[in-house]
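Encoded as structure tokens, the structure appears first; notes follow it.
Scope of the values below: all heavy atoms of this structure, side chains included, with no hydrogens, waters or symmetry mates. Keep in mind the model is a prediction, meaning the values are calculated, not measured.
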Amino acid sequence: MIANSWAGLAYERDEQRVDSAKLCVIPNGIDIERFKPGRADGIRKEFNIPQDATVVGMFAHFRGNKDHATLIDAARKVLSNHRHVYFLLVGGFDGTEPNTLHGQCRAAVNRYGMGDRVIFAGHRSDMAQLYRAIDIKVL
């Protein structure tokens, strides 16, 4: 199993109980020819995001170590003062039931009244375009 950080390796070893001999670290890299700065107006249009809005993006599967809950709480605080911000969450879901991380995050978004500003995009393969559609990336 490949982890992209030493912290990720420790999580897989300690929390997921993966044998250390089966783990290695290869840090993330960016293909600068594929992921170039620019705009992806089509993605913003797809999600009904105004072109002049600020978009915060998180690209991560819904798993505990990615901590989507902290982003949801931060979104609540940001949106209390800045309503022209959108949050685009891209990544596979761990299920839709209320007891899953994805279900809990959706419930929190609804509870805080942020359903029009937090977008659950699910798994996507058009990552270069998605990166161009955001202004700020968080993880």
request  = Show your working on side chain to side chain donor-acceptor pair (under 3.5 Å) between Asp52 and His84 and close with a plain yes or no.
outcome  = CA-CA 8 Å; Asp52 60 342; His84 209 55; 3.0 Å; yes
ask   = When you look at Met58 and Val90, which way does the side chain to side chain contact (heavy atoms under 4.5 Å, CB included) test go after all the steps?
value = CA-CA 6 Å; Met58 182 173 182; Val90 179; over 6 Å; no
request  = Start with the C-alpha distance between Tyr112 and Val118, add both sets of side-chain angles, then the distance that settles side chain to side chain contact (heavy atoms under 4.5 Å, CB included), and finish with yes or no.
outcome  = CA-CA 11 Å; Tyr112 297 144; Val118 178; over 6 Å; no
key: Full working for side chain to side chain contact (heavy atoms under 4.5 Å, CB included) between Ile2 and Leu23   = CA-CA 6 Å; Ile2 300 169; Leu23 293 167; over 6 Å; no
task = Check step by step if side chain to side chain contact (heavy atoms under 4.5 Å, CB included) holds for Leu79 and Phe87.
result = CA-CA 10 Å; Leu79 290 170; Phe87 293 83; 3.9 Å; yes
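With contacts defined as side-chain heavy-atom distances shorter than 4.5 Å, the pair Ile119/Leu89 does not qualify.
Note that OG of Ser20 is 11.0 Å distant from NZ of Lys22, once rounded to the nearest 0.5 Å. If you take CZ on Arg17 and CD on Glu12, they are separated by 12.0 Å, rounding to the nearest 0.5 Å. Rounding to the nearest 0.5 Å places CG of Leu71 at 13.5 Å from NZ of Lys66. One finds the CG atom of Asp41 at 10.0 Å from the NZ atom of Lys45 (value rounded to the nearest 0.5 Å). If you take CG on Leu9 and SG on Cys24, they are separated by 8.0 Å, rounding to the nearest 0.5 Å.
Met127 and Tyr86 fall within a single hydrophobic cluster, where Ile, Leu, Val, Met, Phe, Trp and Tyr side chains are chained together by heavy-atom contacts under 4.5 Å. Linking ILVMFWY residues whenever their side-chain heavy atoms come closer than 4.5 Å, directly or via other members, places Ile136 and Met114 in the same cluster. At a threshold of 4.5 Å between side-chain heavy atoms, the hydrophobic network of Ile, Leu, Val, Met, Phe, Trp and Tyr places Phe93 and Leu139 in one connected group. With hydrophobic clusters built from ILVMFWY side chains whose heavy atoms lie under 4.5 angstrom apart, Ile43 does not share a cluster with Phe120. At a threshold of 4.5 Å between side-chain heavy atoms, the hydrophobic network of Ile, Leu, Val, Met, Phe, Trp and Tyr places Ile134 and Leu130 in one connected group.
Side-chain contact annotation: Asp73 with Thr70, donor-acceptor N/O pair under 3.5 Å absent.
Between Asp116 and Arg83 a salt bridge is recorded (basic side-chain N to carboxylate O distance below 4.0 Å). Ion pairing between a basic and an acidic side chain is recognised when a charged N comes within 4.0 Å of a carboxylate O; Arg124 and Glu46 show such pairing. A salt bridge links Asp135 and Arg44; the closest N-O separation between the charged side-chain nitrogens and carboxylate oxygens is under 4.0 Å.
Across Ala40 and Ala133, no two heavy atoms sit closer than the pair CB-N, 3.8 Å. Considering all non-hydrogen atoms of both residues, Phe47 and Ala121 come closest at CZ-CB, 3.7 Å. Residues Ala69 and Cys105 approach most closely at N-SG, 4.2 Å, considering heavy atoms.
By the ring-ring contact (aromatic ring centres under 6.0 Å, His included) test, Tyr131 is found to be paired with Phe35, Phe59, residues two or more places apart in sequence or in another chain being considered. By the side-chain hydrogen bond (donor to acceptor under 3.5 Å, both in side chains) test, Asn99 pairs with no residue at all, sequence neighbours left out. With sequence neighbours left out, His102 forms a side-chain hydrogen bond (donor to acceptor under 3.5 Å, both in side chains) with Arg106.
Around NZ of Lys137, the count of heavy atoms belonging to other residues, nucleotides or ligands within 6.0 Å exceeds 12.
In this structure, the side chain of Asp94 engages the main chain of Leu101 through a donor-acceptor pair within 3.5 Å. Distance alone, capped at 3.5 Å, is enough to place a donor-acceptor pair between the Asp31 side chain and the Arg34 backbone.
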